[in-house]
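Lettering of chains follows the sequences in order, A, B, ..., and the numbering in each one begins at 1. Everything quoted here is computed from the prediction, not taken from an experiment. Quick note: numbers below take in every heavy atom, side chains included, and nothing from hydrogens, waters or symmetry partners.
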Protein chains: 2
Amino acid sequence: MDVTQSLNLMIRKLEGFHPLSSADKDLLQHHSRTIREIPARQDIASEGDRPDFVYVMVSGFACRYKLLADGRRQIMAYMVPGDFCDFQVFILKERDHGIATLSNCKVVQIPAESVLELTERPAIARAFWWATLVDEATLREWLVSIGQREAEVRIAHLLCEMLMRLRAVGLVEGNSYSLPLTQADLADTMGMTVVHANRMLMSLREKDLIAIDGRQVTVIDVRRLEEFAGFNPNYLHLQAGSTPKPAARQAGDDKNPTLQPM
Amino acid sequence: MDVTQSLNLMIRKLEGFHPLSSADKDLLQHHSRTIREIPARQDIASEGDRPDFVYVMVSGFACRYKLLADGRRQIMAYMVPGDFCDFQVFILKERDHGIATLSNCKVVQIPAESVLELTERPAIARAFWWATLVDEATLREWLVSIGQREAEVRIAHLLCEMLMRLRAVGLVEGNSYSLPLTQADLADTMGMTVVHANRMLMSLREKDLIAIDGRQVTVIDVRRLEEFAGFNPNYLHLQAGSTPKPAARQAGDDKNPTLQPM
DNA sequence: CGCTCAATTGAATGAGCTCAAATCTCGTGG
DNA sequence: CCACGAGATTTGAGCTCATTCAATTGAGCG
């Protein structure tokens with residue numbers, strides 16, 4: 001995985017909203033030198049940590065999550081290549097949630113001070129802010145899903161979302177993408193039991209809406225799946241018609257041999 | 001309701017994060033001249049609108065919501081005095097959700113261009129960004145609630161949250177506050193049926209955790225309610241010890257005679 | 001004083017949960 | 001190369017929380 005290329009992914013994403021000058025872009029590149037590799041199923045940042053860094057995904061899948069006292073877990077977001085992990089840095093003495101890898105990941109690590117310096121530039125500040133707003137819009141749609149949609153539809157909706165998001169970063173080939181989640185992860189995302197998640201997934205397969213082979217998800221009929229899910233991609237705020245040239249590789253970039261996927 | 005005072009509420013909130021110069025504050029005041037009064041149960045901004053304005057709550061309660069094709073509604077946030085309604089302005093050609101009043105409201109209306117101008121100043125831009133992040137943190141906690149907590153606990157948690165948020169803007173007296181919601185609103189917020197919301201509310205009353213008189217909620221034993229709800233206020237990012245002097249009036253500021261409350 | 005909308009209550013149904021066990025996959029050690 | 005073990009998926013059965021449908025009560029307005 002080429003780091004420069006992945007950074008371009010992030011910058012391209014930001015530029016989708018607001019044009020950046022070469023100086024701005026150079027500054028972003030300059031502050032993005034530190035790369036970290038993190039194995040699957042490990043915290044990038046834990047609840048309770050002092051948030052000293054912002055992370056940008058280069059490869060792999062990560063998630064934002066909270067644990068309750070009784071051990072239940074809610075996953076609140078997935079982060080895929082090109083995504084910022086979080087900007088909590090600016091408000092918290094202590095993180096109110098954890099960020100963990102789902103597959104092996106590479107991330108760019110940017111110190112808090114660098115982010116502060118970057119936000120001195122209005123164009124960059126606005127681009128960051130925009131990225132935050134898109135995250136929030138996605139979060140809202142998840143709330144709608146969990147609050148109102150029934151279990152099977154909810155999963156279908158998520159699979160539609162991931163199709164669009166991964167396509168936007170060149171990680172979809174022929175309506176097929178790598179989704180390195182266990183069914184337990186999926187269940188904790190959707191606010192349901194593993195058992196129920198499994199049955200709903202089964203049902204979607206029986207309906208011939210999707211196929212699953214290992215960690216690879218194939219959407220058999222995009223239109224029908226979107227119809228079934230009541231999916232409207234407006235909340236993702238992807239630029240219309242910005243189908244990027246094939247970039248990078250699959251999301252589950254690195255080998256991840258001990259994890260048995262869906 | 002004194003407009004200047006309410007603006008101070010907003011500015012005080014922003015300053016809680018990041019100090020603002022007098023020039024910054026003057027600029028904020030300058031762009032906040034237009035006040036709108038909106039009756040209860042009416043859209044401030046509708047899904048599909050072009051987002052030309054940002055609104056700041058002066059008095060009353062409003063909510064952010066989405067409607068599904070089958071008519072179901074999910075309320076995704078409550079906005080109380082001092083809160084921004086949204087910054088969608090910067091990413092959307094078209095709003096992806098509606099904002100509606102729950103009680104009669106007064107709001108400051110700020111044109112998009114003004115917000116752009118304001119964000120030229122790094123301190124203001126960061127303060128706005130911070131406000132966005134706090135909204136997002138609250139949204140995350142709601143997702144956790146709907147995804148993981150059982151119905152009764154979920155409602156208790158919300159009542160704890162409103163107690164803290166309203167206390168922060170001086171709208172709580174003796175653990176009692178005005179919550180101008182119908183049980184149907186509450187149900188659509190919590191992702192449950194009106195019938196079930198009613199029964200859970202009943203159960204909380206039978207447990208002597210809360211009392212409800214009209215639209216007035218009284219928390220009988222804060223510690224016990226928080227314990228029951230598993231409430232941890234960290235996600236609200238309120239400044240420790242910033243108990244403001246009694247400001248403004250009750251949230252349901254204006255008379256709202258046609259609405260029968262909980 | 002009747003109308004409308006909100007709150008409350010009852011009864012039957014159902015989506016999703018719990019508990020439990022079987023099967024499958026894949027990496028590891030012998 | 002094969003057997004084993006850990007973790008993931010799949011399946012079954014019974015139960016419960018929450019829903020649906022329906023009706024009643026209550027409050028405030030015209």
S.K.: Does a nitrogen or oxygen in the side chain of B/Thr193 sit under 4.0 Å from OP1 or OP2 of D/dT20?
M.R.: yes
S.K.: Residues in side chain to side chain contact (heavy atoms under 4.5 Å, CB included) with A/Glu94, at least two apart?
M.R.: none
S.K.: Could you name each residue pair satisfying salt bridge (Lys or Arg N to Asp or Glu O under 4.0 Å) that touches residues 150-166 of chain B, not counting sequence neighbours?
M.R.: B/Asp83-B/Arg165, B/Glu152-B/Lys207, B/Glu161-B/Arg165
S.K.: Using whole Å, what does the distance between atom P of nucleotide C/dG16 and atom CZ of A/Arg199 come to?
M.R.: 12 Å
S.K.: To the nearest 10 degrees, what angle separates the axes at the start and end of the helix from C/dC1-D/dG30 to C/dG30-D/dC1, five pairs each?
M.R.: 30°
S.K.: Between D/dT19, D/dT20, C/dG16, which nucleotide has the shortest distance from any of its atoms to the side chain of B/Arg72?
M.R.: D/dT20
S.K.: If you compare every side-chain N and O of A/Arg205 against the phosphate oxygens of D/dT10 (OP1, OP2), does one of them come in below 4.0 Å?
M.R.: yes
S.K.: Any carboxylate oxygen within less than 4.0 angstrom of a Lys/Arg side-chain nitrogen, looking at A/Glu206 and A/Arg199?
M.R.: no
S.K.: Quick one: side chains of residues 68-77 of chain A, donor-acceptor pairs under 3.5 Å with protein atoms, not counting sequence neighbours, listed by atom name and distance.
M.R.:
unit_1: A/Asp70; atom_1: OD1; unit_2: A/Arg72; atom_2: N; d: 3.0
unit_1: A/Arg72; atom_1: NE; unit_2: B/Gln148; atom_2: O; d: 3.2
unit_1: A/Arg72; atom_1: NE; unit_2: B/Gln148; atom_2: OE1; d: 3.1
unit_1: A/Arg72; atom_1: NH2; unit_2: B/Gln148; atom_2: OE1; d: 3.3
unit_1: A/Arg73; atom_1: NE; unit_2: A/Asp188; atom_2: OD2; d: 2.7
unit_1: A/Arg73; atom_1: NH2; unit_2: A/Asp185; atom_2: OD1; d: 2.8
unit_1: A/Arg73; atom_1: NH2; unit_2: A/Asp188; atom_2: OD2; d: 3.1
unit_1: A/Gln74; atom_1: OE1; unit_2: B/Gln148; atom_2: NE2; d: 2.8
unit_1: A/Gln74; atom_1: NE2; unit_2: A/Asp188; atom_2: O; d: 3.2
unit_1: A/Gln74; atom_1: NE2; unit_2: A/Thr189; atom_2: O; d: 3.0

S.K.: Would you say the base of D/dG7 and the side-chain of A/Arg41 have a donor-acceptor pair closer than 3.5 Å?
M.R.: no
S.K.: Taking only residues two or more places apart in sequence, or in another chain, which ones meet A/Arg36 in a side chain to side chain contact (heavy atoms under 4.5 Å, CB included)?
M.R.: A/Ile38, A/Tyr55, A/Val107, A/Gln109
S.K.: Using side chain to side chain contact (heavy atoms under 4.5 Å, CB included) as the criterion, list what pairs up with B/Asp96, not counting sequence neighbours.
M.R.: A/Ala137, A/Arg140, A/Asn234, A/Tyr235, A/His237, B/Lys66, B/Gln88, B/Leu92
S.K.: Determine: side-chain N/O of B/Asn198 to OP1/OP2 of C/dA7, distance under 4.0 Å, yes or no.
M.R.: no
